[in-house]
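A, B, ... follow the sequence lines: proteins, then strands. Residue 1 opens every chain.
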Amino acid sequence: MREFGYERAVDVSSAVTLLAGDPDARFLGGGTNLVDLMKAGVERPARLVDIRELPLGRIDFTPATGLRIGATVTNADLAAHPEVRRRYPALAQAVLAGASGQLRNMATVGGNLLQRTRCGYFTDLAKPCNKRAPGSGCPAIAGEHHNHAILGASAHCVATHPSDMAVALTAFDAVVSYETASGTGELPLTDLYPPVGDTPHRETALPPGALITGVTLPPGPLAERSRYRKVRERASYAFAIGSIAAALDVRGGVVREVRLAFGAVASRPWRAREAERVLLGGPVSAEAFAAAADAELAAAEPLPHNGYKVQLMRNLVVAVLSELAEEASR
Amino acid sequence: MAPSTSSAITLNINGEKYTLPVDHRTTLLDALRERLDLTGTKKGCDQGQCGACTVLIDGRRALSCLQLAVAAEGRAITTIEGVADGERLHPVQRAFLELDGYQCGYCTPGQICSALGMLAEHADGWPSAVTADVRPEAEPPPLSAEEIRERMSGNLCRCGAYVQIAQAVARAAESPLGETEERVA
């Protein structure tokens, strides 16, 4: 591991000023991904600015403004919060589906959004990887890719974003707040992760040196009827091979509102807007849900070993929407 | 100017203060084992995947292999050495002993620290991934075998002593903490 300086920031402005003055500096939150990648040599910061003690550890909810989550809130505290569990159950379920109890106690919300892919080629310095070493190639396309992307990938990179939390946040129209040395800004979470294209090393649309300060979710009753479902290769403590966050409002047998986001299928949490469009105003049936899934997945371009994800996501859409519709009819 | 790559830090471990210089690259796990002779905490994968290095930080379970020592300054750290009250074993330790919750024992300190943290999380009403209804209005889930296995899934046991580990955690959950402590003969 490269040697590095360490500073503990006490306020946001000094944290972003430290980053602005050193392009080799990184923010340290829980460290569950960054420290691991530093051990592997994938991350080689010259300086860490510890942001865990910044005053960004609050969760606030009001029916008028929605949910405001500070960037240094831990995953565990987010999933345990009564208003999160009451108003955005799919978000609590998504967080609880990720990692382990120990990791959720350490990991922060801001860090979760910025965590790196778990593609095995990305973390192996002996292998080419366009994300880690631009222009070196992508061995996953002809190699081990059974858990890689089927949507929105490119000939340069087929890695997936590993977060569960971000899938639920994407379904709920989350907005990310950030601060740099020159001011504050906001980005819809759907715009935080740019398309892969030929720049897979550009993973976020944040300006250089930006610190995520929080995430805001709009209010509204729709999210109260939501669910997160994760499929993985063992029963617990594994990354998804496919996941879904869904919220559904049914009135008079017609879909009045719906939100759908997919996980583990793309370089970012995948908002299924085409499926939402097909569902809106339509009937509530397994056939209608399957047709919506097919509309979304028509754009899928599976590789030789991950074609199963198309059927998996179709099944998840039908199963989870059917459950939410059945609950709405009670 | 290049920043300093080491610091003198003071760690609060099991209620005692330890002051030591550390290279910033030092994890809490390596500081405990290599610098402070607190070797009860074990190094398994050193990648945050096995749970052998689990300690409690400010009362919550955490992985000491992914925790930089310098970033742990100012926090209250509890290791397996700080779990018993002198010779009086903690009820979680007693349960592992009585129900044979191990084979080789290498993962055991992490299992016990994780169980302590998990029982506190459950007592605080935290749901888990297998909790059917996460809403706060729902009844807190009893610590069923399914709940215990999910909540302990961050601790691997290469010997495969999971059956007894789950039973030991279940027994520890039944005994109000502090009431079943007995002096070890």
Side-chain angles (χ1 to χ4, degrees), chain A residues 1-8 18 22 25 28-36 38-40 46-48 50 52-53 74 76-77 79-87 89-107 123 164 224 228 230 234-238, chain B residues 1-7 9 22-27 46-51 53-68 70-71 73-75 110 113-114 117-118 121 124-131 133-138 146 149-156:
Chain A
M1 196 190 300
R2 182 184 181 183
E3 291 183 299
F4 57 88
Y6 171 89
E7 274 145 296
R8 202 176 285 200
L18 280 167
D22 187 348
L28 174 69
T32 55
N33 190 211
L34 179 59
V35 173
D36 194 30
M38 286 164 64
K39 289 184 182 184
R47 183 199 301 259
L48 291 183
D50 190 340
R52 219 188 49 84
E53 291 185 359
T74 63
D77 286 339
H81 196 276
E83 293 291 8
V84 175
R85 292 156 57 190
R86 180 181 295 122
R87 313 275 182 177
L91 177 57
Q93 290 169 340
V95 174
L96 293 169
S100 66
Q102 292 96 314
L103 289 163
R104 291 192 294 273
N105 282 335
M106 303 172 76
T123 50
D164 292 295
E224 292 178 22
Y228 187 75
K230 175 175 179 175
R234 58 183 182 228
S236 181
Y237 196 21
Chain B
M1 191 182 76
S4 170
T5 59
S6 61
S7 297
I9 62 169
V22 291
D23 182 309
H24 292 156
R25 296 174 292 185
T26 312
T27 61
D46 207 26
Q47 296 182 327
Q49 297 181 7
C50 77
C53 68
T54 302
V55 297
L56 300 170
I57 301 180
D58 293 336
R60 297 294 182 199
R61 53 185 169 157
L63 298 177
S64 60
C65 77
L66 295 180
Q67 172 70 50
L68 295 174
V70 65
E73 189 170 32
R75 308 184 72 184
C113 286
S114 185
M118 182 275 269
E121 292 164 8
D124 288 341
W126 293 12
S128 86
V130 298
T131 304
D133 188 347
V134 298
R135 290 176 302 170
E137 289 75 18
E146 186 188 22
R149 284 169 180 273
E150 163 58 28
R151 290 169 190 256
M152 292 293 293
S153 70
N155 291 83
L156 306 189

What residue in [options] has the most heavy-atom pairs under 4.5 Å with chain B?
options: A:G30, A:G5, A:S100; result: A:G5
options: A:H81, A:R104, A:R8, A:Q93; result: A:R8
options: A:D36, A:D50, A:V84; result: A:D36

Determine the option with the most heavy-atom pairs under 4.5 angstrom with chain A, choosing from [options].
options: B:R25, B:R60, B:R151, B:E150; value: B:R25
options: B:M152, B:R135, B:R149, B:R75; value: B:R75
options: B:Q47, B:E137, B:M118; value: B:E137
options: B:A129, B:G51, B:A138; value: B:A129
options: B:P127, B:S4, B:G48; value: B:P127

Which atom of [X] lies closest to which atom of [Y], heavy atoms considered:
X: A:V35; Y: B:C65; result: CG1-O, 4.4 Å
X: B:D23; Y: A:E3; result: OD2-OE2, 3.9 Å
X: A:Q102; Y: B:G154; result: NE2-O, 3.9 Å
X: A:A46; Y: B:P3; result: O-CG, 3.7 Å

Next item on the list: Step by step, work out the side chain to side chain contact (heavy atoms under 4.5 Å, CB included) result for A:M1 and B:H24.
Entry: CA-CA 10 Å; A:M1 196 190 300; B:H24 292 156; over 6 Å; no

Quick one: what part of [X] sits under 4.5 Å from any heavy atom of chain A, side chain, backbone, both or neither?
X: B:D46; value: both
X: B:Q67; value: both
X: B:C113; value: neither
X: B:S7; value: neither
X: B:L63; value: both
X: B:E121; value: side chain
X: B:T131; value: neither

Note to self: Measuring from atom OH of A:Y6 to atom OG of B:S6, what distance do you get when rounded to the nearest 0.5 angstrom?
What the structure shows: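 Atom-to-atom, A:Y6:OH and B:S6:OG are 14.0 Å apart.
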
Check: Counting only N and O atoms by type, is there a donor-acceptor contact under 3.5 Å from the side chain of A:N105 to the main-chain atoms of B:A62?
Finding: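 Pair absent, no side-chain N/O of A:N105 close to backbone of B:A62.
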
Checklist line | Main-chain N/O of B:V134 paired to A:R85 side chain as donor or acceptor, under 3.5 Å | finding: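 Yes, because the side chain of A:R85 sits within donor-acceptor range (under 3.5 Å) of the backbone of B:V134.
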
Checklist line | Heavy-atom check, side chain of A:F4 versus side chain of B:L68, under 4.5 Å | finding: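 Side-chain contact under 4.5 Å: yes.
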
Next item on the list: Would you indicate whether the side-chain heavy atoms of B:L66 and A:L103 approach each other to under 4.5 Å?
Entry: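 They are in contact (side-chain heavy atoms under 4.5 Å apart), so the answer is yes.
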
Checklist line | Residue part contacting chain B, namely of A:R2, when any heavy atom lies under 4.5 Å | finding: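 For A:R2, backbone heavy atoms alone lie under 4.5 Å from chain B.
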
Notebook entry, point to check: Can you say whether A:L48 sits under 4.5 Å from chain B via the side chain, the backbone, both, or neither, judging by heavy atoms?
Noted result: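 When you check distances to chain B, only side chain atoms of A:L48 fall under 4.5 Å.
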
